[in-house]
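Read the structure below first, then the notes.
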Amino acid sequence: MPGNNHKSRTSNKVMTLFVCFLAALAGLLFGLDIGVIAGALPFIAKDFNVTAHQQEWIVSSMMFGAAVGAVGSGWMSSRLGRKKSLMAGAILFVIGSLWSAGATSPEMLIAARVVLGLAVGVASYTAPLYLSEIAPEKIRGSMISLYQLMITIGILAAYLSDTAFSDAGAWRWMLGIITIPAVLLLVGVFFLPNSPRWLAAKGDFRSAERVLSRLRDTSEQAKRELDEIRESLKIKQSGWQLFQSNSNFRRAVFLGVLLQVMQQFTGMNVIMYYAPKIFEIAGFANTTQQMWGTVIVGLVNVLATFIAIGLVDRWGRKPTLLLGFLVMALGMGILGTMLHIGIHSQEAQYFAVAMLLMFIIGFAMSAGPLIWVLCSEIQPLKGRDFGITVSTATNWIANMIVGATFLTMLNTLGNAPTFWVYAGLNVFFILLTLALIPETKNVSLEHIERNLMSGKKLRDIGQK
Ligand code: BGC
């Protein structure tokens, strides 16, 4: 009956949207936990009377947990499945949020942030994987940039909530309020179907077909996709063996590591974690000004991500990255020079903020989303899980190093040279991009894989 058919198509669409929304909620939590510490840190520092070094650990303990979580979830999501992994992640989000809000010492807060980190690590590996396995082909490509968009929205939401609680200096509320979206995620994940690809990999083709027929418009579509999954499962994942035996695969893993190191050493998270501190260095003494400045940083980060979404498939990855690194180098370099000369007038203060925002635009339009896109494109099918686990863990380790060294750099090198170091790194990344990074626009993943495995230079593996 056509009426019934229409009804079931609509309900399948609603189901798919619901599933995508939930996976996006994991991205939002990732962003909330990255963003929340910037506004909470000054109050935590005052309450616990902690040193700069301890503050760095409060910030970066989460990244340590996330690196461990990303590696562990590679194993967990293939053993227990993506759904149970996400559930474990959501439970850790709830525990970590409550525990950090109730921490009675800096050590306890650091431990609670390691737990939150585990949650973020699980989310950052499993959610995009689950999404790519469950989303219809038509929207799979844009999913990674959209996922990055959710991260930036999470960061902005955290900055806003920090600002709302900052008058009262209520850092426990800032950290604790994240329990609400975490509980929502937990409840939502409960209703999620298992990933059809994972079910098929476990040999349960009947359940895989049942899930697909609830998510696709027609049963023919569901059948066709199941056939494709069956076909792709013939390629067994053997990442570690491949890594040991094949130097071309080692080059892809190296490229993934390099890309993530480049993303983190742009210095983006220095601003994400220490934005109020940077506003203070730029001469904004009042906490309200610092908090609102931080909110503007978060908003610009969200908006500029749309530039990337628009450019990535038109301009391509490489020109967008080159422009992004150039803009970031200029932003950091000029900011450093202004700090060196001294910021004495209000005009100079606003100009410094403009440079900070220019840096944010440079990151959000390029390295933010594009590094994730490239990392998911360059790994050969057989070693995909392994390659992406290694690059995701690298993201968090590099993130931790940046978070754990910023205040020490300010104290030992001084304000201006610290910003110059990051400006210099961004210039170096322009050269690295020219020398090593491939353009992967409009080429199929199979083609990239063939080029890589036939020994073509890394920068040429996207050539037709
Ligand atoms: C990075 C995070 C960063 C965020 C900022 C992500 O792509 O991996 O480290 O905090 O972008 O928007």
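Just so you know, these numbers come straight off a predicted model, no measurement behind them. Whatever order the structure lists them in is the order used to number ligands and atoms, beginning at 1. Basis for what follows: all heavy atoms, side chains included, without hydrogens, waters or symmetry-related copies.
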Assess, by modelled atom type and distance only, whether the side chains of Tyr130 and Asn194 contain a donor and an acceptor separated by less than 3.5 Å. no
Can you classify the ring geometry of Phe165 versus Trp173 as parallel (below 30°), tilted (30 to 60°) or perpendicular (above 60°)? parallel
Distance alone, cut at 3.5 Å: any donor-acceptor contact between the side chains of Thr408 and Glu56? yes
With ring centroids as reference points, do Phe93 and Trp99 lie under 6.0 angstrom apart? no
For the residue pair Phe243 and Phe386, is the inter-centroid distance of their aromatic rings smaller than 6.0 Å? yes
Compute the minimum heavy-atom distance from Gln260 to ligand 1 and say whether it is under 4.0 Å. no
In ligand 1, the atoms that come under 4.0 Å of a heavy atom of Phe363 are 5 (C), 11 (O)
I need the atoms of ligand 1 closer than 4.0 Å to a non-hydrogen atom of Trp372, numbered in the order shown. 6 (C), 7 (O), 8 (O)
In Å, rounded to the nearest 0.5 Å, how long is the span from CD1 of Ile371 to CG of Leu259? 4.5 Å
Ligand 1 atoms nearer than 4.0 angstrom to some heavy atom of Ile155 are 5 (C), 12 (O)
Enumerated ligand 1 atoms positioned under 4.0 Å from heavy atoms of Asn301: 5 (C), 12 (O)
Charged N to carboxylate O below 4.0 Å: is that the case for Lys382 and Glu449? no
For the pair His340 and Trp420, name the ring-plane relationship: parallel under 30°, tilted 30 to 60°, perpendicular over 60°. tilted
Students should be able to answer this: which protein heavy-atom is nearest to atom 10 (O) of ligand 1, and at what distance? Asn269 OD1, 2.6 Å
Contact atoms of ligand 1, heavy-atom distance to Asn399 under 4.0 Å: 9 (O)
In the protein, what heavy atom is nearest to atom 1 (C) of ligand 1, and what distance, to one decimal place, separates them? Gln263 OE1, 3.5 Å
Contact atoms of ligand 1, heavy-atom distance to Ile34 under 4.0 Å: 10 (O)
For ligand 1, which atoms have a heavy atom of Thr152 less than 4.0 angstrom away? 12 (O)
shortest atom 4 (C) of ligand 1-to-protein heavy-atom contact is with Gln148 NE2, 4.1 Å
